[in-house]
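Okay, so here's the structure we're looking at.
None of the values given here were measured: they were computed from a predicted structure. Numbers restart at 1 for each chain; the letters A, B, ... are given by sequence-line order, proteins then strands.
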Amino acid sequence: MSKGITSRDTDYSQWYNELVVKADLAEHSAVRGCMVIKPYGYAIWEKMQAALDQMFKDTGHSNAYFPLFIPKSFFSKEASHVEGFATECAVVTHYRLKNDGTGQIVVDEEAKLEEELIVRPTSETIIWNTYRGWIESYRDLPILVNQWANVVRWEMRTRLFLRTAEFLWQEGHTAHATREEAVEETNRMLGVYADFAENWMALPVVKGRKTENERFAGALDTLCIEALMQDGKALQAGTSHFLGQNFAKAFDVKFTAKDGKLDYVWATSWGVSTRLMGALIMAHSDDAGLVLPPKLAPIQVVIVPIYKTDEEKAGITGFADTLIAELKAQGISVRFDDRDTQRPGFKFAEWELKGVPVRIAVGARDMQNGTVEIARRDTQTKETVAQEGLAARVAGLLEDIQQHIFTKALTFRNANTVEVNTYDEFKQVLEEKGGFISAHWDGTVETEKRIKEETKATIRCIPLAGQPEDGFCMVTGKPSTQRVLFARAY
RNA sequence: CGGGAUGUAGCGCAGCCCGGUAGCGCGCUUCGUUCGGGACGAAGAGGCCGCAGGUUCGAAUCCUGUCAUCCCGACCA
């Protein structure tokens with residue numbers, strides 16, 4: 001491993017790419033646009049999954065699994081949905097290979113599928129086709145299902161975690177008897193995502209509504225959580241859609257209500273993906289490497305022994321074994337790094353690169369004094385403390401770190417969210433500082449597109465917490481009733 | 001799909017103009033000394049030079065084709 005990584009100031013984008021690879025999170029695969037998520041990176045994703053999965057269960061949802069392949073005909077049933085995904089679908093056309101006689105393996109042209117299959121870019125169509133068979137009466141509703149799956153979107157330009165051709169995600173798909181209930185579900189799940197982002201990822205987010213232009217293909221309303229990265233660019237971290245009756249109509253899913261009337265079912269869908277890994281990395285990490293919030297760190301504490309002789313090592317190991325047992329009893333994950341193939345300085349740097357929140361170094365000197373050196377990753381500070389009561393101190397420290405990382409990110413976001421009233425001011429802030437820019441907009445797609453073309457900034461969302469405020473569109477001067485949040489985005 | 005560039009050891013690169021059968025750094029292996037912030041020394045291992053043709057006594061090097069990757073644009077979130 002070569003020393004260090006490119007600093008954020010030098011090249012933020014390169015810093016990110018190097019960090020993902022050097023911290024052992026993921027790497028490029030032999031398949032264009034697809035990544036290999038390595039064990040350490042996958043361990044973080046698993047922690048995210050576990051927390052989210054529990055939150056879904058706590059809000060009444062169950063997991064299920066639907067096919068990877070979707071008949072092409074399903075796609076054409078909801079017009080705007082097709083339009084949104086048509087240009088980035090992988091299509092399966094054949095089901096057999098053969099040897100061409102010269103030792104080459106080729107597609108057997110005779111084994112052509114009668115109907116081509118689309119590798120799912122999202123599962124609304126196959127799921128709603130299935131729901132038709134599940135729903136007859138209001139008694140069958142609501143259906144609250146989630147699936148953990150991979151999806152494929154044939155992207156032209158990819159980046160590890162942020163945009164890959166294949167990615168992992170969860171997609172919730174719910175069916176309801178009334179519009180109100182579906183809208184409520186859409187809001188509830190957005191709340192779950194915001195809760196997860198802030199309390200697990202330590203990532204402050206803005207809850208908002210997408211403009212018509214940015215809305216999910218096939219949805220009546222798209223809600224989102226938007227986060228700000230350290231380079232001043234925004235990242236959409238999760239979405240929750242109110243689908244109205246669009247898919248129920250496309251797939252003819254009706255139910256009989258209490259009063260005997262037949263009506264189409266109301267729908268929602270919501271999802272977060274491995275893109276969250278990118279958000280996690282870019283929100284907190286520094287020039288020394290990854291900074292992980294303790295709640296998502298696969299290893300929360302690493303113990304590095306410092307010794308010269310076998311006797312010293314044995315003494316330290318005895319101490320470490322006791323400490324590890326105490327920490328584990330509190331549900332804290334610990335790694336005792338007793339590799340004698342690396343020296344302590346190397347280990348320090350390596351675990352910092354990998355973002356382990358707390359490091360405890362114990363040497364012969366500490367053993368004599370009854371102390372350890374304890375270092376926290378988020379502030380890069382260290383102090384010498386007594387061995388006595390260490391487990392409790394570590395537990396408290398982990399909580400402090402979780403809190404501190406969030407506060408730091410929140411302070412950054414607040415410092416990088418500004419209100420502007422003129423287009424000139426807007427452009428200036430965008431160039432000099434980036435971040436979220438709160439401004440009045442006339443509500444038209446034309447103006448939104450013009451701003452995007454001229455500045456590359458998009459409307460990230462119309463904040464749900466935003467107060468109505470009369471003003472004038474910074475571009476056209478037309479009246480506006482609320483500020484919206486702009487940013488350049490990933 | 002348009003413009004530009006690059007494919008040589010696990011990674012990063014030199015060699016190519018002026019053809020003579022491959023080298024440097026990191027990493028890896030072994031031994032020794034080290035060990036409180038990315039150690040040092042010595043000895044090793046490792047390469048159909050992206051692939052396929054061609055020119056030549058001889059090709060990493062010249063020519064043709066092809067594939068792949070990266071950057072900029074277009075497209076996309």
Side-chain angles (χ1 to χ4, degrees), chain A residues 1-6 11 13-14 17-18 21-22 27-34 83-89 104 121-122 151-165 167 169 210-211 213-217 222 224 226 233-239 241 271-275 278-279 287-289 302-310 312-313 316 337-354 359-369 371-375 377 380-384 452-453 456-461 487-490:
Chain A
M1 199 181 306
S2 61
K3 277 190 188 180
I5 53 176
T6 300
D11 186 340
S13 179
Q14 195 178 340
N17 293 338
E18 286 180 16
V21 171
K22 291 193 174 172
E27 63 186 34
H28 291 282
S29 72
V31 186
R32 178 195 167 86
C34 296
E83 217 174 294
F85 287 105
T87 58
E88 48 183 23
C89 286
Q104 294 292 311
T122 179
V151 286
V152 169
R153 294 179 187 173
W154 214 260
E155 300 287 356
M156 297 295 284
R157 191 175 288 177
T158 59
R159 289 189 76 191
L160 294 175
F161 290 119
L162 296 174
R163 178 176 285 110
T164 47
F167 57 92
W169 78 343
K210 286 294 184 190
T211 60
N213 191 42
E214 298 271 330
R215 190 182 293 159
F216 174 71
T222 289
C224 62
E226 292 283 331
K233 286 171 82 173
L235 187 140
Q236 178 178 303
T239 50
H241 314 291
V272 296
S273 71
T274 35
R275 197 175 212 216
D287 293 347
V302 64
I303 302 171
V304 178
I306 297 157
Y307 54 87
K308 290 192 172 80
T309 64
D310 286 348
E312 285 175 1
K313 187 182 181 184
I316 294 166
D337 187 357
D338 63 348
R339 289 176 295 175
D340 49 18
T341 52
Q342 318 297 144
R343 296 159 80 258
F346 180 92
K347 294 177 183 178
F348 292 174
E350 183 172 62
W351 293 116
E352 274 164 18
L353 181 61
K354 292 189 146 199
R359 179 186 73 230
I360 296 170
V362 203
R365 206 166 61 212
D366 288 308
M367 291 304 287
Q368 281 194 337
N369 300 340
T371 58
V372 300
E373 180 192 85
I374 188 165
R377 177 65 184 84
Q380 299 248 61
T381 53
K382 53 192 181 184
E383 55 179 332
T384 299
K452 183 177 177 179
E453 272 165 32
K456 287 183 177 163
T458 49
I459 299 178
R460 301 319 305 155
C461 69
R488 287 195 180 132
Y490 277 99

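The pairing partner recorded for B:C26 is B:G10, the criterion being a Watson-Crick or G-U wobble arrangement whose two distances lie under 3.5 angstrom. Base-pair partner of B:C75: not found among the strands shown (Watson-Crick or G-U wobble, both distances under 3.5 Å). Pairing partner, B:C18: none, since no Watson-Crick or wobble contact has both distances short of 3.5 Å. In this structure, B:G47 forms no base pair with any nucleotide, since neither Watson-Crick nor G-U wobble geometry is met with both distances under 3.5 Å. Base pairing of B:U56: no nucleotide in any strand meets the Watson-Crick or G-U wobble criterion (both distances under 3.5 Å). Look at B:G32: its Watson-Crick or wobble partner, with both distances under 3.5 angstrom, is B:C40.
Minimum interatomic distance between A:E155 and A:T164 (heavy atoms only, all atoms of both residues): CG-O, 4.2 Å. Nearest approach of A:E214 to A:I459, heavy atoms of both residues: CG-O, 4.0 Å.
If you take atom C1' in B:U6 and the same atom in B:G50, they sit 11 Å apart, rounded to whole Å. For the P atoms, the distance linking B:C48 with B:C11 amounts to 13 Å, nearest Å.
The interatomic distance linking A:K22 (NZ) with B:G38 (P) rounds to 17 Å, in whole Å. Per the geometry, CG belonging to A:N17 stands 12 Å off C1' belonging to B:C71, to the nearest Å. Distance CZ (A:R339) to C1' (B:G38): 12 Å, rounded to an integer number of Å. Atom pair A:W154:CH2 and B:A77:P shows a separation of 17 Å (rounding to whole Å applied).
Salt bridge status for A:E312 with A:R365: absent, with no side-chain N to carboxylate O gap under 4.0 Å.
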Sugar-phosphate or base contact per nucleotide [nucleotides 28-37 of chain B; S, B, -; heavy atom under 4.0 Å]: ------BBBB

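Along RNA chain B, the nucleotide nearest to A:H28 and the one nearest to A:R153 differ in position, and the one closer to the 5' end is contacted by A:H28.
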Distances under 3.5 Å between protein N/O atoms and the N/O atoms of nucleotides 72-76 of chain B, please, pair by pair.
residue, atom, partner, partner atom, Å
B:C72, OP2, A:R157, NH1, 3.4
B:C76, O2', A:E88, OE1, 3.2

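For the side-chain contact (heavy atoms from CB on, under 4.5 Å) test with A:T384, the passing option among A:V372, A:I374, A:T371 is A:T371; the others fail.
Between A:E350 and A:Q342, every side-chain heavy-atom pair lies at or beyond the 4.5 Å cut-off. Counting heavy atoms from C-beta on, the side chains of A:W351 and A:R359 never come closer than 4.5 Å.
Within 6.0 Å of atom CD in A:E83, 12 or fewer heavy atoms from other residues, nucleotides or ligands are found, so the atom counts as exposed in its surroundings. In this structure, A:W154 places its CH2 atom where only 12 or fewer heavy-atom neighbours from other residues, nucleotides or ligands lie under 6.0 Å away.
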